[in-house]
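For reference, the structure is listed below as C-alpha cells.
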Amino acid sequence: MKLLKLITASLFSITVLCSCDFEERLTWSPDGKRMAVLADQLRLADADSISRPLLNKQFGSVLSFRWLPDNHHALLAYRRYQHHLSKTGAKAGTKTADTSVDYLQLFDFNGEIKEVKVTAGPILFKSSEAIDDLRLSPTGKLAAFSQADKGRHKISIVTLSGVLKKDLVRNASKPEWSKDSRSI
C-alpha cells in the first residue's frame, strides 16, 4: 500500500508540474484492483507492487489508456514517429523530417502484476491526424475519439471490432457518452 501511495504522490507531482491531466496518467480498472500508470512508460500497479514497463518502444508513446469492463482488456491510443528521407537534396541516410501516426489498438493484460503478460490485439484505427481524446462507451463496445482537422476538432466512433464511423460530430473535442452508450 505504501508503494501505491508513493507512486500516486509522485505522479500527481509530475502532472501538476507538467500541467498534465492527472486522470489521463492513472486509470483504475473497473473492479478497482489494478491501475494503469502512464509515466515514463506504461506500467500496471496494485496495492502492493508495480509492473515492469509493459510495451516495447516500437509502440511509441501512449496517449490514452481505457480499461474494458472485463478488467484485463484495454484500448490504447498511442503515437509512433516515422522518419522520412527527403527525395531531393539530402544525402542518403540523412534524417530530414519526422511524421507521426496515431493508433487505436486493443491489448490483453493477463496475470499478476509482477508477471503481467501483454498480448497485442487488432489495430482498430490509424491516422496521421493526432488523436486528442479517447472515451470508451459504458457498455465497452464503442470508442469515441477526437482529432484535430485543419484547426477544428472532429469526433469519430469506432466499434471494438474495427468498424469506423467517421466525422460524427464537428467542432467538439471532448466526447462524453450517455449512460446507455447510445449517444455522445
Side-chain angles (χ1 to χ4, degrees), residues 4 7-39 41-46 54-55 59-80 100-109 118 120-184:
L4 185 58
I7 291 167
T8 304
S10 299
L11 284 172
F12 181 73
S13 300
I14 290 168
T15 56
V16 168
L17 292 173
C18 298
S19 300
C20 302
D21 187 356
F22 187 65
E23 290 180 11
E24 294 296 319
R25 301 278 141 234
L26 299 174
T27 307
W28 284 99
S29 61
D31 65 3
K33 293 182 179 178
R34 296 194 295 178
M35 174 176 53
V37 180
L38 301 177
Q41 291 192 21
L42 172 66
R43 300 170 190 264
L44 295 182
D46 61 15
L54 296 176
L55 298 177
F59 287 103
S61 58
V62 177
L63 305 170
S64 288
F65 184 102
R66 299 289 182 253
W67 288 102
L68 271 60
D70 66 8
N71 298 301
H72 66 90
H73 285 92
L75 181 61
L76 272 70
Y78 61 91
R79 178 170 294 141
R80 285 185 183 166
S100 63
V101 177
D102 286 8
Y103 294 82
L104 290 180
Q105 187 170 4
L106 287 172
F107 285 83
D108 186 359
F109 298 93
V118 180
I123 294 173
L124 304 179
F125 179 77
K126 73 178 186 177
S127 174
S128 60
E129 294 175 357
I131 295 173
D132 296 321
D133 197 23
L134 172 64
R135 304 291 172 167
L136 196 62
S137 68
T139 61
K141 295 180 181 179
L142 300 168
F145 58 95
S146 65
Q147 294 177 284
D149 181 29
K150 299 177 185 166
R152 296 183 181 228
H153 283 82
K154 65 181 179 181
I155 295 176
S156 301
I157 295 176
V158 65
T159 66
L160 296 192
S161 60
V163 177
L164 179 67
K165 302 173 182 180
K166 283 194 125 191
D167 300 344
L168 292 180
V169 179
R170 288 250 174 215
N171 301 323
S173 61
K174 296 266 185 195
E176 289 295 333
W177 286 97
S178 63
K179 291 183 180 183
D180 63 2
S181 298
R182 290 184 171 191
S183 62
I184 294 181

Self-check item: Stepwise side-chain contact (heavy atoms from CB on, under 4.5 Å) test for Lys33 and Asn71
Solution: CA-CA 9 Å; Lys33 293 182 179 178; Asn71 298 301; over 6 Å; no
Just to verify, what does [X] make a side chain to side chain contact (heavy atoms under 4.5 Å, CB included) with, not counting sequence neighbours?
X	answer
Ser161	Thr159, Val163
Pro138	Trp177, Ser181
Ile123	Tyr78, Tyr103, Gln105
His72	Arg34, Asp70, Asp108, Asn110

Could you check if a side-chain atom of [X] sits within less than 4.5 angstrom of a side-chain atom of [Y], using non-hydrogen atoms only?
X	Y	answer
Leu63	Leu134	no
Arg135	Lys174	yes
Phe125	Gln147	yes

Specify the closest pair of heavy atoms between [X] and [Y], including all atoms of both residues, with the distance to one decimal.
X	Y	result
Leu160	Leu124	O-CD2, 3.5 Å
Leu26	Met35	CD2-SD, 3.7 Å
Ala144	Ile184	CB-CD1, 3.6 Å
Ile155	Ser146	CG1-CB, 4.1 Å
Ala120	Phe59	CB-CZ, 4.2 Å
Leu164	Ser156	CD1-CB, 4.4 Å

Quiz prompt | Qualifying residues under side chain to side chain donor-acceptor pair (under 3.5 Å), relative to Ser29, sequence neighbours excluded | solution =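 Side chain to side chain donor-acceptor pair (under 3.5 Å) check on Ser29 returns Asp31.
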Practice problem: Not counting sequence neighbours, which residues clear side chain to side chain donor-acceptor pair (under 3.5 Å) with Glu129? List them please. | Solution: Lys154
Practice problem: Please state whether the rings of Phe65 and Phe109 are parallel, tilted or perpendicular, taking 30° and 60° as the class boundaries. | Solution: tilted
Quiz item: Does Ser178 offer a backbone N or O that forms a donor-acceptor pair with the side chain of Ser183 under 3.5 Å?
Solution: no
Self-check item: Stepwise side-chain contact (heavy atoms from CB on, under 4.5 Å) check, Asp102 with Ser127
Solution: CA-CA 5 Å; Asp102 286 8; Ser127 174; 5.6 Å; no
Exercise. Rounded to the nearest 0.5 Å, what's the gap from CZ on Arg182 to OG1 on Thr139? Could you check?
Key: 10.5 Å
Practice problem: Test Leu42 against every option in Val37, Val118, Leu76 by the side chain to side chain contact (heavy atoms under 4.5 Å, CB included) rule and name the one that passes. | Solution: Leu76
